[in-house]
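A short worksheet on the structure shown next.
As the structure is a computational prediction, the values presented were derived from the model and not from experiment.
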Amino acid sequence: MYRIKAWICYLFSFNLAYFIDAFRQLVRPTIMGETASPDPERAEEIKLLANEAFKAHKYSQAIDLYTQAIELNGSNAVYWANRAFAHTKLEEYGSAIQDATKAIEIDPKYSKGYYRRGAAYLAMGKFKEALKDFQQVKKICPNDPDAKKKLKECEKAVQKLKFEEAIAVHDAERRSIADSIDFHTIDVEPTYAGARIEGEIVTLEFVKNMIDDFRNQKCLHKRYAYQIILQTMQMLRALPSLVDINVTDGKHFTVCGDVHGQVNMFYILVLFVLITEASRFPFVKENLFFYFDKLQFYDLLNIFELNGLPSEDNPYLFNGDFVDRGSFSLEVILTLFAFKCMSPSAMYLARGNHESKNMNKIYGFEGEVKSKLSDTFVELFAEVFCCLPLAHVINNKVFVVHGGLFSVDGVKLSDIRSIDRFCEPPEEGKYHMLIACLFFHLIYQMKLIVYVNLRVFFIFIFYWDIAT
């Protein structure tokens, strides 16, 4: 029997007891079936406690307390807007939008509802949606200085988008930046003392040397960075949008979640594993576990130290969100790409919502690449990210996608295979399968079911408002 190990990589300085308690509180109302009688006075007391937790930057605790207040008085728009604000602080923008929308439904004249939702849209790069909300805030509170500032920011962003659309070259006419680069013509200075690729083949020795250089905060020469990215891009282009993986009996396979850096928050983005048959759950309980760790580059190396380097006998699937929110995103992505070049069947890569221009501009990868390499690399990474597959199926049983379940019924694997993924996620318009594959972990609230036994501890995650 094959063995799958799945690592959701997201918590820094992980505290197991606090984690279990936090998620017990999160799932208590839905899983345990507990209900609370309306009690507005008690709800107000809990809200004040939540406000104190928020002021102390304990945003997860504040969310839990606001949730308790909502259970006691769900018709108070303030509680929903406050919880939306706490979600925003944790960069849980999908949940923030949901809560702010609920606040607006309760009180259409409540300006903070529109403000919180607009701020979440703005953080996600949804400038047109944010503009509408801040325009509404201005109507309700015309003298609010913060709203005016946000409104101007959105107006400038929307104008920029319109200008870019007006001068944009049609996809069919646009020349790939990759086609204009020939790394063979780039000279390596004699003074360069870092890792070198001899010829066309990326070897394990080179990867180890490169990792050692990165560990010591040294840079890889642009020639070799170009070579790794271009070779990876060539391989990814040839792959379908949905990749089938076969793990033979007696072998193991490791799946890793988000590896981009973020040290200021306590939440988990989803590595969603869909099991097609309920009878498979006993197998999952014995063979699947999640290891929680907040990753930057050095923590990525820690996984390799604990679990072994990628190889034909030790393959990995990294399930998106490789970059942003840290100072070592470039080192992470070059390491993953180098292993892909070294041994394509030892390293599988899927696209996450952070593998996109908009997110890279907002969350730091673009600036990091410009600082360490050049503007050309920014465009090159944007192209290669569009080539990443969207999902994987392991042994025709386990479906792995960064986003989650789809909001429409009847989606088939063949539908995912047919997605034209070679583009940026669409900003607006009707439901789009590409958006679903990348972003739905931000949009829908999670319901977590925890299975614990003596041999394995793991968390299986469902999107309750779709799956139930």
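In this structure, the salt bridge (Lys or Arg N to Asp or Glu O under 4.0 Å) partners of Lys370, at least two apart in sequence or on a different chain, are Glu366. Glu368 pairs by the salt bridge (Lys or Arg N to Asp or Glu O under 4.0 Å) definition with Lys372, not counting sequence neighbours.
Within the 4.5 Å cutoff, the side chain of Thr248 has no heavy atoms near those of the Asn246 side chain. Taking 4.5 Å as the limit, every side-chain heavy atom of Leu309 sits out of range of all side-chain heavy atoms of Asn314. Side-chain atoms of Tyr226 and Phe377, non-hydrogen and from C-beta on, do get closer than 4.5 Å to each other. Contact annotation: the side chain of Leu90 approaches that of Ser60 to within less than 4.5 Å [non-hydrogen atoms, C-beta and beyond]. Looking at heavy atoms from C-beta onward, Leu236 lies in side-chain contact with Pro389 at the 4.5 angstrom threshold. Within the 4.5 Å cutoff, the side chain of Leu242 has no heavy atoms near those of the Leu390 side chain.
In this structure a side-chain-to-backbone donor-acceptor pair under 3.5 Å is missing from Lys340 to Thr232. Asn216 contributes no side-chain N or O that, together with a main-chain N or O of Asp213, makes up a donor-acceptor pair within less than 3.5 Å. A side-chain donor-acceptor contact under 3.5 Å links Arg223 to the backbone of Ile186.
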Intermediate values then yes/no, side-chain contact (heavy atoms from CB on, under 4.5 Å), Phe385 and Asn360
CA-CA 11 Å; Phe385 287 162; Asn360 296 163; 3.5 Å; yes

Stepwise side-chain hydrogen bond (donor to acceptor under 3.5 Å, both in side chains) check, Ser241 with Arg421
CA-CA 7 Å; Ser241 293; Arg421 71 183 187 276; 3.3 Å; yes

Could you check Glu155 against Lys149 for salt bridge (charged side-chain N to carboxylate O under 4.0 Å, His left out), going step by step and ending with a plain yes or no?
CA-CA 10 Å; Glu155 288 173 343; Lys149 181 179 178 181; over 6 Å; no

side-chain hydrogen bond (donor to acceptor under 3.5 Å, both in side chains) between His184 and Glu200, intermediate numbers included:
CA-CA 10 Å; His184 299 94; Glu200 302 294 317; 2.7 Å; yes

Apply side-chain hydrogen bond (donor to acceptor under 3.5 Å, both in side chains) to the pair Glu355 and His402, showing each step before the final yes or no.
CA-CA 11 Å; Glu355 281 68 62; His402 184 81; over 6 Å; no

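Annotation for Met210 and Leu334: closest pair CE-O, 3.8 Å, computed over non-hydrogen atoms. Scanning all heavy atoms of the two residues, the minimum distance from Leu151 to Gln135 falls at CD1-CG, 3.6 Å. Between Leu220 and Ala225, the shortest heavy-atom distance links the atoms CD2-N, 3.7 Å.
How far CG of Asn353 is from CE of Met359: 4.5 Å, rounded to the nearest 0.5 Å.
Ring geometry for Phe339 against Phe304 counts as perpendicular: the plane angle is over 60°, on a 0 to 90° scale with 30° as the lower cut. The aromatic rings of Tyr348 and Phe253 lie tilted to each other, with the angle between the two planes from 30° to 60°.
Phe134 has its ring centre no less than 6.0 Å from the ring centre of Tyr114. Residues Phe322 and Phe318 place their aromatic rings such that the two centres sit no closer than 6.0 Å. If you look at Phe328 and Phe214, their ring centroids are not closer than 6.0 Å. His354 and Tyr363 have their aromatic ring centers within a separation under 6.0 angstrom.
Using modelled atom types, one finds no donor on one side chain facing an acceptor on the other under 3.5 Å when comparing His252 with Asp313. Under 3.5 Å, the side chains of His87 and Gln98 contain no donor-acceptor pair of N or O atoms.
Salt bridge status for Asp321 with Arg351: absent, with no side-chain N to carboxylate O gap under 4.0 Å.
In this structure, Arg116 satisfies the cation-pi test against Phe85, with its NZ or CZ atom closer than 6.0 Å to the six-membered ring centre and inside 45 degrees of the ring normal.
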